[in-house]
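One structure is given here, and the rest of the page talks about it.
Everything quoted here is computed from the prediction, not taken from an experiment. Values below: every heavy atom of this structure, side chains too, minus hydrogens, waters and symmetry copies. We count residues from 1, following the sequence as given.
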Amino acid sequence: MRHKLYLFLLICVLPVCAPVQAQHFEWSADAKGFFDNGEYANIDNSLSKTMYGFRFSPQVGLSYKDFSLFVGTHLQTSFGSPKYLDKVSFIGYFQYKTEHHLFRFGAFEREEVLPNYTNFFIRDTFQYFRPNMTGLFYKLSGKNNFISLWLDWTGAQSAVTREAFFAGLSGEQRYKWFFAQILGYYYHYANTKPRSGDEVVHDNGLGQAGIGIDFSQYAKRLYAARFSANFMMGYECKRDHITPVKMPVGLVLDLHLRYWRFGTRTLYYYGQERFTVPTDNYSLTYWGNPLLRAKSYLQSQWYCVLFENDFVNAYAAAVFHVQGNKFGSQYVLRLNVNLNGSIYGKKEGQERGSRYRFNFIGAEKQDRELDDFIKKK
């Protein structure tokens, strides 16, 4: 009888033990440093500011086949602040990832999953100081196309916080050198409980659809050669039954060129003024670039990649802003260091930018090795 009991327990335990043995422990420690100095006195002096800080984001996780569970934190400080830490944010999410599917639910970094959204949609301030998406994200991708859906809950209603959330969609379809793309979001900015401020619900949206051509990587060291023309439409509503709803339209031209370590990303908008419906809190009602409050706006970024490998990425940039006939400038330095448990099991040359290779500007030999490796792929 005792042997039968042992056999029964063994049969019950084996299915539980097998998945445990198949689980993998994962870890990462991502560090981001940024210096961003914007001078907009000729446009609007209130926009001029310097953002200078550091964010350290350790996280650990367990994975089983295509499923993973991660937990960690963002530890952020602004240089010059009297505080040791200015902000601590929770990281924790479930992930399902295959060749064609990516699903996340929880709190995770926005920039990882929305790299195609320019600062016309989400300005740099939020990327630096509110880096997390808190909600869900799903992406279905193929060889020449993808589509993504996402929900970002940015405000849990309380006596001091308005209820707020984003719902977004983006996608792209490619055919040889040509592509068509769409991206946008709807933002709901409700009330506190009890009501405060202007006591009015605000809604706004921003959408963009266009076509373009992409010659990236068709020539040696030509890492980006992409141009698109896009129709942009907005929706701005203040639910006070007095202020008229506005739906501004315009044209967006987007050019990205990069040869070797030098490149430019230039965006040009021409159309109706945006983000003009009045509100008691402009910065939280509108997440887009405030320089779009004009009929024409040019943003031209000229950058140099200093480091680029699995371990460290860094670049410096000068950005020039022209709003109508008004001029502003911005100078940026960003550094990203990534310690990831997965890269330490790789052999030298297994992936582009192995952990043993530090690419600094002028490292000609390493660049030749990189180009040879890309050709073999």
Exercise for review: Spell out, as yes or no, whether a donor-acceptor pair under 3.5 Å connects the side chain of Asp152 to the backbone of Met133.
Suggested key: no

Check your understanding: How about Phe179 and Tyr175: are their ring centroids closer than 6.0 Å?
Key -> no

Review point. Would you find a donor on one side and an acceptor on the other, under 3.5 Å apart, between the side chain of Arg293 and the backbone of Pro290?
Key: yes

Check your understanding: Nearest 0.5 Å, what's the CD1-CH2 distance between Ile122 and Trp287?
Key -> 7.0 Å

Exercise for review: Kindly state whether the ring of Phe120 and the ring of Tyr297 have centres lying under 6.0 angstrom apart.
Suggested key: yes

Review point. With a cutoff of under 4.5 Å between side-chain heavy atoms, which Ile, Leu, Val, Met, Phe, Trp and Tyr residues group with Tyr235?
Key: Phe231, Met233, Val245, Met247, Val249

Check your understanding: Does any N or O in the side chain of Ser57 come within less than 3.5 Å of the main-chain N or O of His74, such that one atom is a donor and the other an acceptor?
Key -> no

Exercise for review: Just say parallel, tilted or perpendicular for the rings of Tyr187 and Tyr189, cut-offs at 30° and 60°.
Suggested key: parallel

Practice item. Any chance you could measure Asn119, atom CG, to Gln127, atom CD, to the nearest 0.5 Å? Key: 8.5 Å

Check your understanding: Is the Tyr223 to Trp260 ring centre distance short of 6.0 Å?
Key -> no

**Study point:** Residues in salt bridge (charged side-chain N to carboxylate O under 4.0 Å, His left out) contact with Asp86, at least two apart in sequence or another chain
**Key:** none

Review point. Would you find more than 12 non-hydrogen atoms of other residues, nucleotides or ligands less than 6.0 Å from Ile211 atom CD1?
Key: no

Exercise for review: Kindly write out the residues that satisfy ring pair (Phe, Tyr, Trp, His ring centres under 6.0 Å) with Phe137, not counting sequence neighbours, or none if the list is empty.
Suggested key: none

Exercise for review: Please indicate whether Lys97 has more than 12 foreign heavy atoms, meaning atoms of other residues, nucleotides or ligands, lying under 6.0 Å from its NZ.
Suggested key: no

Exercise for review: Classify the side-chain pair Tyr128/Arg334 by whether it contains a donor and acceptor separated by less than 3.5 Å.
Suggested key: yes

Check your understanding: Side chain of Gln59, backbone of Trp27: donor and acceptor closer than 3.5 Å?
Key -> no

Review point. Within a radius of less than 6.0 Å around CZ of Phe25, do more than 12 heavy atoms belonging to other residues, nucleotides or ligands occur?
Key: yes

**Study point:** Sequence neighbours excluded, every pair satisfying salt bridge (Lys or Arg N to Asp or Glu O under 4.0 Å) that has a member inside residues 131-143
**Key:** none

Review point. Tell me, which pairs form a salt bridge (Lys or Arg N to Asp or Glu O under 4.0 Å) where one or both residues lie in residues 270-292, sequence neighbours left out?
Key: Arg162-Asp280

Exercise for review: Check whether the side chains of Gln95 and Arg104 place a donor and an acceptor atom closer than 3.5 Å, and report yes or no.
Suggested key: yes

Check your understanding: Who are the salt bridge (charged side-chain N to carboxylate O under 4.0 Å, His left out) partners of Glu172, not counting sequence neighbours?
Key -> Arg174, Arg226

Check your understanding: Do side-chain atoms of Asp254 reach the backbone of Ala229 as a donor and acceptor pair under 3.5 angstrom?
Key -> no

Review point. Does Arg110 reach the main-chain N or O of Pro115 with its side chain, forming a donor-acceptor pair under 3.5 Å?
Key: no

Point to revise | Separation of Ser81 OG from Lys87 NZ (nearest 0.5 Å) | key: 13.0 Å

Practice item. May I ask you to decide if Asn281's main-chain N or O and Thr285's side chain share a donor-acceptor pair within less than 3.5 Å? Key: yes

Check your understanding: Is it true that a side-chain atom of Tyr185 and a backbone atom of Phe121 form a donor plus acceptor pair closer than 3.5 Å?
Key -> yes

Review point. How long is the span from the NE2 atom in His188 to the CD atom in Glu163, to the nearest 0.5 Å?
Key: 5.5 Å

Point to revise | Val319 side chain near Ser300 side chain, heavy-atom distance below 4.5 Å | key: no

Check your understanding: Which residues pass the salt bridge (charged side-chain N to carboxylate O under 4.0 Å, His left out) test with Glu111, sequence neighbours left out?
Key -> none

Practice item. Flag this pair as yes if the NZ/CZ of Arg130 is under 6.0 angstrom from the six-membered ring centre of Phe126 and inside a 45 degree cone about the axis; otherwise no. Key: no

Study note, to complete from the structure: Closest non-hydrogen atoms of Ser89 and Asn132, given as atom of the first, atom of the second and distance, are CB-ND2, 4.4 Å

Practice item. Using only heavy-atom distances, determine whether the side chains of Asp66 and Thr98 contain a donor-acceptor pair under 3.5 Å. Key: no

Review point. Given a cutoff of under 4.5 Å between side-chain heavy atoms of I, L, V, M, F, W and Y, with clusters grown through shared members, what are the other residues clustered with Leu151?
Key: Phe67, Leu69, Phe94, Tyr96, Phe103, Phe105, Leu136, Tyr138, Leu140, Ile147, Leu149, Trp153, Phe165, Leu169, Tyr186

Point to revise | Backbone N/O of Ser141 and side chain of His100: donor-acceptor pair under 3.5 Å | key: yes

Check your understanding: Is there a donor-acceptor pair under 3.5 Å between the side chain of Gln173 and the backbone N or O of Gln181?
Key -> no

Exercise for review: Kindly state each residue pair satisfying salt bridge (Lys or Arg N to Asp or Glu O under 4.0 Å) with at least one member in residues 239-251, sequence neighbours excluded.
Suggested key: Asp203-Arg239

Exercise for review: Assert yes or no for the condition that the ring centre distance of His321 to Tyr40 is strictly below 6.0 Å.
Suggested key: yes

Review point. Going by the salt bridge (Lys or Arg N to Asp or Glu O under 4.0 Å) test, which pairs reach into residues 23-41, not counting sequence neighbours?
Key: Asp30-Lys32, Lys32-Glu109

Review point. With sequence neighbours excluded, what pairs up with Phe129 under the side chain to side chain contact (heavy atoms under 4.5 Å, CB included) test?
Key: Phe34, Met51, Gln76, Ser78, Thr125

Review point. When rounded to the nearest 0.5 angstrom, what is the spacing between CG in Asn289 and CG in Asp124?
Key: 7.5 Å

Practice item. With sequence neighbours excluded, tell me which residues meet side-chain hydrogen bond (donor to acceptor under 3.5 Å, both in side chains) with Tyr218. Key: Trp177

